[in-house]
Amino acid sequence: MTRFQITKDFIVKTVLPVLFAVLLYSMFINLCRVNGTVDYMKLFVLCGIPFGITRMFVFPIGGGIYGLAMLIFSIAIGGVIGGIILIWRLIVALWYVPLTAVRFIAARA
């Protein structure tokens, strides 16, 4: 791999997911405060919605009150799945920091 490819891979796999997670956290932290404490489950679901948006509408949505209930349920499930995906992307970002250092050392030799 060239230095450009290593740097591009580092930015895409590490910097962008961490910046996006920080942006989501800073946007939703004030919505999750209840009596001065943070409801972390609500924060987890809200931060996961952008990552789980493709999995939200897997259930058929009908009309009336049933359709509204299924829409809310789909958003909640998508938020939980997206929260898990967000945690996974942050773990991958943490893994890519030493991997990038090893790749730079190997590309230098």
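If you read the sequence from its start, that first residue is 1, and numbering goes on from there.
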Q: Tell me whether Leu43 is reachable from Leu46 by hopping between hydrophobic residues (I, L, V, M, F, W, Y) whose side-chain heavy atoms are closer than 4.5 Å.
A: yes

Q: Side-chain contact test, heavy atoms from C-beta onward, threshold under 4.5 Å: evaluate it for Thr2 versus Gln5 and give yes or no.
A: yes

Q: Indicate, with yes or no, if Val45 and Phe20 share a hydrophobic cluster defined by side-chain heavy-atom contacts under 4.5 Å among Ile, Leu, Val, Met, Phe, Trp and Tyr.
A: no

Q) Rounded to the nearest 0.5 Å, how far apart are CD1 of Ile81 and CG of Leu86? A) 14.0 Å

**Q.** Pairwise distance CD1(Ile29) to CG(Leu24) - rounded to 0.5 angstrom
**A.** 12.0 Å

Q) Just how far is it from atom OG1 of Thr100 to atom NZ of Lys13, taken to the nearest 0.5 Å? A) 10.5 Å

Q | Hphob cluster co-occupancy, Leu90 + Phe44, side-chain heavy atoms under 4.5 angstrom | A | no

Q | Asp9/Arg103 ion pair, N-O < 4.0 Å | A | yes

Q) Same cluster for Leu19 and Phe10 if Ile/Leu/Val/Met/Phe/Trp/Tyr side chains link at under 4.5 Å? A) yes

(Q) Testing the basics here: between Cys32 and Lys42, what is the closest heavy-atom pair and its distance to 0.1 Å? (A) SG-C, 3.8 Å

(Q) Can you list, by chain and residue number, the hydrophobic cluster partners of Val34 when the side-chain cut-off is 4.5 Å? (A) none

Q) Is there side-chain contact between Arg108 and Arg3, with at least one heavy-atom pair below 4.5 Å? A) yes

Q. Atom CD1 of Ile72 and atom CD1 of Ile77: how far apart are they, to the nearest 0.5 Å?
A. 13.0 Å

Q. Which atoms form the tightest heavy-atom contact between Gly82 and Phe51, and what is the distance?
A. O-CB, 3.5 Å

Q: May I ask whether Trp95 and Val18 are part of the same hydrophobic cluster, defined by side-chain heavy atoms of I, L, V, M, F, W, Y residues being less than 4.5 angstrom apart, directly or through others?
A: no

(Q) Holding to side-chain contact (heavy atoms from CB on, under 4.5 Å), I want the full list of residues that pass it with Ile91, two or more places apart in sequence or in another chain. (A) Ile87

Q | Closest non-hydrogen atom pair, Pro17 against Ile11 | A | CD-O, 4.4 Å

